[in-house]
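Below is one structure, written out as structure tokens, with a few remarks after it.
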Amino acid sequence: MIRTVESEPHASPPVLAAYSYCEAVTGRQARNFAYGIRLLPTPQRRAMSALYAFSRRVDDIGDGALADDVKVARLEETRALLTRIREGGIDEDDTDPVAVSLTHAAGHFSIPLGGLDELIDGVLMDVRGETYETWDDLKVYCRCVAGAIGRLSLGVFGTEPGARGVDRAPEYADTLGLALQLTNILRDVREDAVDGRTYLPADDLAKFGCSAGFSGPKPPEGSDFAGLVHFEVRRARALFAEGYRLLPMLDRRSGACVAAMAGIYRRLLDRIERDPEAVLRGRVSLPGREKAYVAVRGLSGLDARHVTRRTVRRRA
């Protein structure tokens with residue numbers, strides 16, 4: 001069983017300063033993520049901020065303007081830093097606040113740091129410009145850049161003592177990460193195309209006449225772009241349904257955090273489904289009041305109770 005530390009981990013002033021830096025990075029660069037982790041107790045919130053700040057560093061290398069060979073070198077340097085963190089080779093007075101905070105978090109929570117190696121692998125796939133023929137191919141990428149984050153987060157959340165089926169909790173966390181990533185891919189399809197990246201499977205693009213890509217605010221002539229989007233939305237919904245089985249295994253506040261973050265993306269999916277071409281015109285987002293509603297719903301436990309009832313009905 002995965003457990004979190006129940007009492008607040010002791011943190012020295014240098015560690016607290018390092019966590020403050022990571023929380024500032026999270027609040028500035030990850031609006032949806034930061035919104036969800038507000039619902040966590042302080043130790044878990046700090047640990048999640050450390051995970052985000054390290055992940056952001058990896059993503060920024062991949063998305064930056066450096067030459068590809070330099071990106072590869074920087075990513076391998078970051079992997080070497082991760083090895084030092086894993087081996088406890090970072091002192092509290094180290095000058096890298098992300099390394100300090102992540103070392104502290106890993107010492108107090110059961111965080112599977114190998115997931116960050118997977119993230120680096122996924123970003124290397126971006127640097128190499130890989131494309132994906134099938135959904136099975138794309139799943140490999142999604143598991144690296146998002147499923148791994150779900151499993152890392154579960155190491156911070158832990159599971160409730162006595163919860164049923166906790167041996168499958170990492171699988172559900174991974175699947176929920178896939179659901180979020182596929183939603184991201186749909187939302188960013190035009191932005192990625194401008195950057196020369198295509199994530200949707202080539203098989204799916206061909207099936208709906210979209211192999212020409214998305215270089216403008218209109219779908220390719222003669223394509224069934226709405227059909228493509230609705231097809232991918234159904235796939236994402238199935239992933240959400242499976243991943244939401246994680247919720248009853250978490251404590252109330254961890255469950256609220258997961259429900260808030262996943263709920264925001266599910267509502268983005270709703271908007272994309274209603275107006276598929278909106279993703280070609282600009283970034284689809286939710287207003288703050290709607291995010292607040294999602295958070296209240298998560299704190300109330302509505303999503304967790306819904307999943308529990310549905311699971312019981314299926315087993316009956």
Are any non-hydrogen side-chain atoms of [X] and [Y] less than 4.5 angstrom apart?
X: L51; Y: L116; value: yes
X: V25; Y: V98; value: no
X: R57; Y: L81; value: yes
X: T183; Y: R266; value: no
X: L119; Y: D59; value: yes
X: E273; Y: V229; value: no
X: P201; Y: D137; value: no
X: Y141; Y: E130; value: no

message: Go through it in stages, so that I can follow the logic: the residues are L75 and V72, the test is side chain to side chain contact (heavy atoms under 4.5 Å, CB included), and I'd like the CA-CA distance, side-chain angles, deciding distance and then a yes or no.
response: CA-CA 5 Å; L75 289 168; V72 170; 5.6 Å; no
For [X] versus [Y], what's the shortest heavy-atom pair and its separation?
X: A206; Y: S211; result: CA-OG, 3.3 Å
X: L228; Y: C210; result: CD2-SG, 3.9 Å
X: T175; Y: G243; result: CG2-N, 4.0 Å
X: L250; Y: G255; result: CB-N, 3.8 Å
X: T159; Y: A169; result: CG2-CB, 4.0 Å
X: R190; Y: F214; result: CD-O, 3.4 Å

task: Could you walk me through whether I37 and Y52 pass side chain to side chain contact (heavy atoms under 4.5 Å, CB included), step by step?
output: CA-CA 11 Å; I37 67 172; Y52 176 82; over 6 Å; no
message: Checking F54 against I85 for the side chain to side chain contact (heavy atoms under 4.5 Å, CB included) test, could you report, in this order, the C-alpha distance in whole Å, the side-chain angles of both residues, the deciding distance, and whether it holds?
response: CA-CA 11 Å; F54 190 94; I85 292 170; 4.1 Å; yes
Is any side-chain N of the basic residue among [X] and [Y] closer than 4.0 Å to the acidic one's carboxylate O?
X: R245; Y: E171; result: no
X: D174; Y: K139; result: no
X: D60; Y: R74; result: no
X: R143; Y: E118; result: no

message: I'd like to know whether NZ of K218 has more than 12 heavy-atom contacts from other residues, nucleotides or ligands below 6.0 angstrom.
response: no
Taking the side chain from [X] and the backbone from [Y], do they hold a donor-acceptor pair closer than 3.5 Å?
X: R271; Y: S285; result: yes
X: D94; Y: D96; result: yes
X: D251; Y: S254; result: yes
X: R253; Y: L39; result: yes

Hey, could you give me the [atom1]/[atom2] distance between [X] and [Y], rounded to the nearest 0.5 Å?
X: R187; Y: Y265; atom1: CZ; atom2: OH; answer: 5.0 Å
X: C257; Y: L40; atom1: SG; atom2: CG; answer: 4.0 Å
X: M261; Y: S153; atom1: CE; atom2: OG; answer: 6.0 Å
X: E232; Y: D204; atom1: CD; atom2: CG; answer: 4.5 Å
X: L82; Y: E77; atom1: CG; atom2: CD; answer: 14.0 Å
X: I120; Y: M125; atom1: CD1; atom2: CE; answer: 14.5 Å

task: Using only heavy-atom distances, determine whether the side chains of S12 and E92 contain a donor-acceptor pair under 3.5 Å.
output: yes
- request: Apply the test side chain to side chain contact (heavy atoms under 4.5 Å, CB included) to residues R237 and D270: give CA-CA distance (whole Å), side-chain angles for both, the deciding distance (0.1 Å), then the verdict.
  value: CA-CA 10 Å; R237 288 196 192 286; D270 291 341; 2.8 Å; yes
field: Partners meeting ring pair (Phe, Tyr, Trp, His ring centres under 6.0 Å) with Y21 (sequence neighbours left out)
entry: none
field: Plane angle bin for Y132 and Y199 - parallel if under 30°, tilted between 30 and 60°, otherwise perpendicular
entry: parallel
task: Sort out for me which residue in L124, D63, V123, I61 forms a side-chain contact (heavy atoms from CB on, under 4.5 Å) with K71.
output: I61
